[in-house]
Each structure stands twice: as structure tokens, then as C-alpha cells.
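Below is one structure, written out as C-alpha cells, with a few remarks after it.
Values below: every heavy atom of this structure, side chains too, minus hydrogens, waters and symmetry copies.
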Amino acid sequence: MKFSNLKLTTPYLELEAPFYTKVEPTPLDKPFIISTSQDAAKLLGVDEDLNLDDKLLCIINGSEKLEGSETFAMCYSGHQFGHFAGRLGDGRAINLGKVNGWNLQVKGAGLTEYSRQGDGRAVLRSSIREYLVSEAMHGLGISTTRALALIGSDTDVARARWEKGALVLRLSPTWVRFGTFEYFNSTGEHSKLQTLADYVIAESFPHLKGEENAYLKMYAEIVKNTALTIAKWQSVGFNHGVMNTDNMSIDGRTIDYGPFAFLDDYKKEYICNHTDVDGQYRFSNQPATAQWNLERLAVALSPIINYDEMDEILDDLFRPLLEREYSEIMQKKLGLQMQDAEDENLIYQLFRSLEMASVDYTLFFRILSRYKGNKFPLLDICINTEHLEKWLNMYESRLEKEDVSTEKRHENMLAINPKYILKNHILQEAIEKAQADDFSMVNDLLKVAYKPFDEHEGLEYLCKAVPLSSKNIKLSCSS
Ligand code: AMP
Ligand code: MG
């Protein structure tokens, strides 16, 4: 099947008008393909080479349409940095329709009803980041929206300086956000909350259809999925940066990649977003923020679901599930198969030691994945080695309790501790090359994004040490 032969449906348009507005995309000038993800295309049932599809570019750029496609922008609101922001909506993303369970959306496609002061555009820099990290999160086994293609153009877009406009064709099983429910609660259109809940059940939780207390169960599913995703973020050192409720997917998927960062040196209180002056969305606060966001969702759903019951579910499920998932992942990252009463302390002491050592989070676990008793390769990457050296003694005694062979432990650890992580300095290098019309590094990064646990001969330059000047920097929200 060719991409351009796909036939789309538009189930969201079966809802009433306030859920969306129809809008035509505004094509960019002189568009060109920078990169495509054949892996993402498979989700749609496309098995023919995207780069040989001569209509791909026109379809993404909006000058041609797939069969059955009707373009629209979705309406939502949300809490941004703790405050309700009123009506937001897709201000620069235009939806094309759905196929094979995946909704297609082009980000940067032009003005919509919801653009407010914005220009409806996305610049090359932020589009490269979103495109690559969507595929990288998938490679890491973290629930995420996907990206099928990255398109560049000659259209000038005004930011702090003039930049070029770009497009990302994003895919998601749902584009409904916590903020979509919040919109219909804020306008008092409570029957629409029910309509939306029915839509969400049909789209994301079909096993709940017709069940007793289906809405409450839907809320429980959202709580569970969110907890699992956040546990995974914490385990890989991912800082989202803009955890507003309009950026929280209803199925717990990671969406809307802006000033995100993967930790360089381990820093619990790291804040990747330059505008987050109070550190609300700092790395260590992501579990609490997600819980707060789930409370906002419960408030929005309270006209149709008993609030106290949702509150009880949130209290009973969220933290325990997140903590259990996180501990299980950490056990695996350390190559520990059996449970031991001391493990909680071992993990706690590890993070204290990492913080004090100023050590690269990803590299530490990757080197640890080959640990055989020689501490030097680990201590060599630390600034302050004292605590970590003590911790390694603890770890060694703990390993003695395991009955798995060293080889098997190494194999297991190498399959969960990634070698390739899209840290900001490497993304920045790829962006600078792309801005000078060299897209080779974007495509190299895509290759490692799918298989971050593998060795990639010839691509080791993508995991080189982070220069001191770029460690754990903050990024602007401008995109
Ligand atoms: P974000 O912080 O990227 O999740 O965006 C928050 C809101 O601002 C959403 O409603 C976006 O659609 C909208 N928005 C962001 N950038 C633009 C832009 N350049 N043009 C129009 N709307 C935008
Ligand atoms: Mg957003």
C-alpha cells in the first residue's frame, strides 16, 4: 500500500461543531522532504517506500488530500502553569482524518480558529526535535505520538529572528487531551462532556463500552496509563517541560514536545524550560504535576462522574502504580532479578551518589551494564567519586545475592539501559547542520532513535560526551 492511496475516515467530525472547526491548511512555499519514518508508516498499513511516493509532499503540505480526508482543528482548553487558560485548541495543527486506528495531524499547517496571536506555523528547529523525539520515545518503549515525516520549506517565519517554516506529520490513536474535557466543563455544556466521554471510550477504551460505571472506569484507565508513562519518563531521565493539561493525552501518551530534555548529568531538580521560573515542571516534580493534572481532569468530569469516587481512584491508584512501575524498571536497570528488603535504600543511595558525582545519567547506566568489579570506567566519568565508590561496594554485595550469571545480567542490562539518547546538545548540532541544508545528522539520529539499546557502527558520534558548556541547559518555549 502506498501512502497516497490511503483512505481516511473522520469520526471526530461526527461530533457537533463546537468540538472542532473545519479549516483548510495553508501550504508552505517550496516544500521539500527532509526525513520520513518508514517505521511509523507501517502503523497505517503503508509498506511502500514513502520517499518514492510523489504525492506524499503535496498531501502533507496541504495542496492535495487523501481520499476521505476532511481537514479540521480541535477545540480544547487547559491549565497552563497552574492557571486555567480558557479556550486554546489546535492553533497550528490541522487534522486530516484517521486510518488503521491512527489519527493523522500536520503541525505547522497554518492558521485556524484557535490560533489567537500565533501564526499557525512551526519552525524547522522545533519540528526536528518533535519529529526525532517522537520516534525515539517509541524506541525507548514509552507511549508516545509518532511522526511519519518532516518537511522543510522556504517560508519565512518570525520568531526571535527569521526562521524557516516546517511541518511534521504526527500520528496518534487519539488527540483528545485532558483540556478537551476542561473546555466543555468551563462552558457549562455538560451534555457535551458525556458526548466526549462516549467518543473517548469508543476510540481509546473500547473494552469499556456498555460496562456499568463505564465513565468512572475510563477515568481509572487514564490514571493508570498516565502513572505508567510518568514512571518511564523518570526512569530514562525525560523532562517534558510543559506539562499543561492541554499537553496531557487522554490515553497517557507523551505529546507535544517543546523545550523537553533528557538529563545530561543526573540532577533531580533540573528544569528544562526557561520560562518555568518556579520550577513547577522540574524533573522531580513530574509525578506530582501529573497527579495535579489528573485532579483537574476529575474536576472537569465531575458533572458526569461522582467526584469523590474519582478522587478515591486517583489516591488509590496513581502513586502506588507509578512507584511500583518505577521500582521495577530501576531493578532491571541495575540488573537485579530478585527482590531484597534493602533495594529501596540501594536505589535511594544510588541517586544521592549520582547527584553528588555530577555524572551523565545515561552513560552511567550503560557502563554499569558491563560492570565486573572494575570501578575505574565508572569513576572516570564522575567529578566527585567518593559516594559513588561506596555505593558500588553496596552494589557489589547486593549482586552476590543474585543467582544469574554476569553475562546474562549484562545482556539484560544492555537491553534496558540505552546507549543513544537524544540529548539537547546532539539535537542542537543536528539542527545547526539542518539550518545549513545538511540533513544527514537528522537521518542518522532517526536510525539510532528506533534502536537506542543497540550498538550502531559508525554512529558512535551521536553519543559522545556532552560538552561542559551545554550540560543541563534550559531551553526557550519558542517554537
Ligand atoms: P503548546 O505550548 O505548544 O502546547 O501550545 C499551547 C497553545 O498555543 C496551543 O493551543 C497551540 O495550538 C497554540 N500555539 C502554539 N504555537 C502557536 C503558533 N505558532 N500559532 C498558533 N497557535 C500556536
Ligand atoms: Mg500543546
Side-chain angles (χ1 to χ4, degrees), residues 76 78-83 85 88 91-93 107-108 118 122-138 140 142-145 147 159-160 168 170 172 177-179 226-227 229-249 252-294 296 322 360-362 421-428 430-431 445 449 466 470-479:
Y76 53 80
H79 276 80
Q80 300 188 317
F81 292 96
H83 303 284
L88 299 167
R92 54 177 170 166
K107 191 161 172 179
V123 294
L124 178 62
R125 155 177 63 81
S126 60
S127 303
I128 289 175
R129 289 169 57 83
E130 175 140 46
Y131 172 75
L132 288 175
V133 79
S134 303
E135 297 306 278
M137 289 294 257
H138 169 69
L140 290 165
I142 302 176
S143 179
T144 177
T145 58
R159 294 291 179 265
V168 179
R170 308 198 293 176
S172 183
R177 298 134 193 273
F178 292 10
T226 306
T229 296
I230 304 293
K232 289 182 179 152
W233 286 5
Q234 300 308 111
S235 74
V236 294
F238 177 76
N239 189 194
H240 182 282
V242 204
M243 286 178 72
N244 296 331
T245 53
D246 51 299
N247 290 338
M248 297 291 290
S249 149
R253 198 168 291 274
T254 319
I255 47 167
D256 283 15
Y257 296 97
F260 70 85
F262 289 94
L263 295 180
D264 294 318
D265 288 355
Y266 179 74
K267 258 179 118 182
K268 194 168 156 230
E269 304 306 341
Y270 174 57
I271 307 165
C272 65
N273 185 349
H274 177 69
T275 45
D276 184 9
V277 278
D278 299 327
Q280 207 169 333
Y281 299 152
R282 67 188 182 277
F283 179 67
S284 68
N285 209 36
Q286 295 188 130
T289 304
Q291 188 163 351
W292 190 85
N293 288 344
L294 284 160
R296 303 285 73 69
L322 192 154
D360 186 291
Y361 183 71
T362 307
I421 281 284
L422 302 193
K423 295 180 200 162
N424 275 325
H425 81 107
I426 207 79
L427 284 169
Q428 192 50 34
I431 287 165
L445 282 169
V466 185
S470 0
K471 277 188 181 176
N472 289 340
I473 48 164
K474 291 188 184 186
L475 282 107
S476 97
C477 246
S478 148
S479 60

Inset, instruction - Would you check, one step at a time, whether the test side chain to side chain contact (heavy atoms under 4.5 Å, CB included) holds for Ser134 with Arg170? - result: CA-CA 9 Å; Ser134 303; Arg170 308 198 293 176; 5.7 Å; no
Inset, instruction - Name all pairs fulfilling the salt bridge (charged side-chain N to carboxylate O under 4.0 Å, His left out) condition that reach into residues 271-285, sequence neighbours left out, sorted by first residue then second. - result: Glu269-Arg282
Inset, instruction - Scan for salt bridge (charged side-chain N to carboxylate O under 4.0 Å, His left out) pairs involving residues 234-248, sequence neighbours excluded, and state none if there are none. - result: none
Legend entry - Under 3.5 Å side-chain donor-acceptor pair for Ser479 and Arg92: yes
Inset, instruction - State whether a side-chain donor-acceptor pair under 3.5 Å links Gln280 with Asn285. - result: no
Legend entry - Criterion side chain to side chain contact (heavy atoms under 4.5 Å, CB included) on Thr254 and Phe238, from CA distance to verdict: CA-CA 11 Å; Thr254 319; Phe238 177 76; 4.1 Å; yes
Legend entry - With Asp360 via salt bridge (Lys or Arg N to Asp or Glu O under 4.0 Å) - residues at least two apart: Lys423
Inset, instruction - Please say whether the positively charged group of Arg129, taken as NZ for Lys or CZ for Arg, lies over the ring of Tyr257, i.e. under 6.0 angstrom from the six-membered ring centre and within 45 degrees of the axis. - result: no
Inset, instruction - Drop me the distance from Met243's CE to Ile230's CD1, to the nearest 0.5 angstrom. - result: 4.0 Å
Inset, instruction - Rounded to the nearest 0.5 Å, what's the gap from OG1 on Thr245 to CZ on Arg177? Could you check? - result: 10.5 Å
Only counting residues at least two apart or in another chain, list the ones meeting ring-ring contact (aromatic ring centres under 6.0 Å, His included) with [X].
X	value
Tyr270	none
His79	Phe84, Trp292
Tyr266	Phe351, Tyr361

Inset, instruction - Taking the side chain as every heavy atom from C-beta outward, state whether Met137 and Leu422 have any atom pair closer than 4.5 Å. - result: no
Legend entry - Side chains of Leu475 and Phe260 in contact at under 4.5 Å (non-hydrogen atoms): no
Inset, instruction - Classify the angle between the aromatic ring planes of Trp233 and His240 as parallel (below 30°), tilted (30 to 60°) or perpendicular (above 60°). - result: parallel
